Amino acid sequence: MARLLLIEGLVAEVYGISPPELLSEGRGVRLIADARQLVMYLAHVALGLSCAEVGDYYGRDRSTVAYACRKWEDRRDDPQVDAVLFKIEQLIAGGMTVYGLARWEGFR
């Protein structure tokens with residue numbers, strides 16, 4: 001749970017939103033929906049949670065989580081996106097300090 005909260009905090013910082021916005025019902029504005037999809041992807045990939053577990057936590061269907069994972073996996077083809085996601089994954093694993101990650105406009 002603590003690492004999931006870390007993911008939420010990191011992604012919220014990158015997107016310039018507050019972590020509670022990630023838990024909003026419905027799709028919300030595109031920026032928040034995109035950030036939530038990234039959190040779901042990282043929860044699945046970096047934490048090894050099943051799509052069903054992630055979906056339950058965010059009040060979404062497992063197919064929604066699977067869609068988010070496919071979307072972000074495809075976005076990793078962009079070297080800049082992949083580099084930022086790699087830094088976030090290192091942070092989740094405790095491999096670097098928060099200061100190594102700054103907001104990046106390319107996510108928006």
Side-chain angles (χ1 to χ4, degrees):
M1 183 60 157
R3 291 190 339 171
L4 184 54
L5 294 175
L6 172 65
I7 291 171
E8 289 177 358
L10 291 170
V11 171
E13 179 66 25
V14 169
Y15 274 85
I17 61 174
S18 67
E21 290 177 283
L22 295 168
L23 299 173
S24 60
E25 291 185 23
R27 289 186 186 170
V29 296
R30 181 182 172 124
L31 180 71
I32 294 170
D34 200 43
R36 184 184 310 112
Q37 289 176 337
L38 177 55
V39 170
M40 291 190 292
Y41 167 74
L42 291 168
H44 177 65
V45 172
L47 300 183
L49 298 175
S50 71
C51 289
E53 290 171 320
V54 176
D56 286 346
Y57 182 80
Y58 288 100
R60 305 304 196 271
D61 188 80
R62 65 177 177 75
S63 63
T64 301
V65 178
Y67 169 79
C69 291
R70 285 190 307 273
K71 174 185 168 181
W72 279 100
E73 201 57 48
D74 288 346
R75 289 192 72 187
R76 288 196 92 144
D77 290 339
D78 178 332
Q80 289 182 311
V81 171
D82 188 54
V84 172
L85 291 179
F86 180 73
K87 286 181 183 180
I88 292 172
E89 289 169 338
Q90 284 183 315
L91 284 167
I92 294 164
M96 61 187 284
T97 67
V98 174
Y99 303 108
L101 180 68
R103 285 192 185 149
W104 180 56
E105 297 298 319
F107 270 75
R108 297 183 186 171

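Positions are given from 1 along the sequence. Please read all numbers here as calculations on a predicted model, not as lab measurements.
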* Can you list the steps and then say if Tyr15 with Leu38 is a side-chain contact (heavy atoms from CB on, under 4.5 Å)? -> CA-CA 10 Å; Tyr15 274 85; Leu38 177 55; 4.0 Å; yes
Inter-residue atom distance [X].[atom1] - [Y].[atom2], 0.5 Å rounding:
{"X": "Ile92", "Y": "Leu47", "atom1": "CD1", "atom2": "CG", "value": "6.0 Å"}
{"X": "Leu6", "Y": "Arg3", "atom1": "CG", "atom2": "CZ", "value": "8.5 Å"}
{"X": "Glu89", "Y": "Ile7", "atom1": "CD", "atom2": "CD1", "value": "9.0 Å"}
{"X": "Arg75", "Y": "Tyr41", "atom1": "CZ", "atom2": "OH", "value": "11.5 Å"}
{"X": "Glu8", "Y": "Arg36", "atom1": "CD", "atom2": "CZ", "value": "10.5 Å"}
{"X": "Trp72", "Y": "Asp82", "atom1": "CH2", "atom2": "CG", "value": "11.5 Å"}

Of all heavy-atom pairs between [X] and [Y], which one has the smallest distance, and what is that distance?
{"X": "Gly9", "Y": "Pro19", "answer": "CA-CG, 4.3 Å"}
{"X": "Val11", "Y": "Ala35", "answer": "CG1-O, 3.5 Å"}
{"X": "Val39", "Y": "Tyr58", "answer": "CG1-OH, 2.9 Å"}
{"X": "Ala12", "Y": "Ser18", "answer": "CB-C, 4.0 Å"}

* From CA spacing to verdict: side-chain contact (heavy atoms from CB on, under 4.5 Å), Glu21, Val29 -> CA-CA 10 Å; Glu21 290 177 283; Val29 296; over 6 Å; no
* Asked: Can you hop from Ile32 to Tyr67 via hydrophobic side chains spaced under 4.5 Å?
  ->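 Cluster IDs for Ile32 and Tyr67 differ.
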* To do: Answer yes or no: is there a donor N or O on one side and an acceptor on the other, between the side chain of His44 and the main chain of Leu49, under 3.5 Å?
  =>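 Yes; at least one donor-acceptor contact below 3.5 Å.
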* Asked: If only atom types and distance count, is the side chain of Arg62 paired as donor or acceptor with the main-chain N or O of Ser50 below 3.5 Å?
  ->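 Flag not set: sc Arg62 to bb Ser50 has no pair under 3.5 Å.
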* Determine whether more than 12 heavy atoms belonging to other residues, nucleotides or ligands lie under 6.0 Å from atom CZ of Arg60. =>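 Above 12, so yes.
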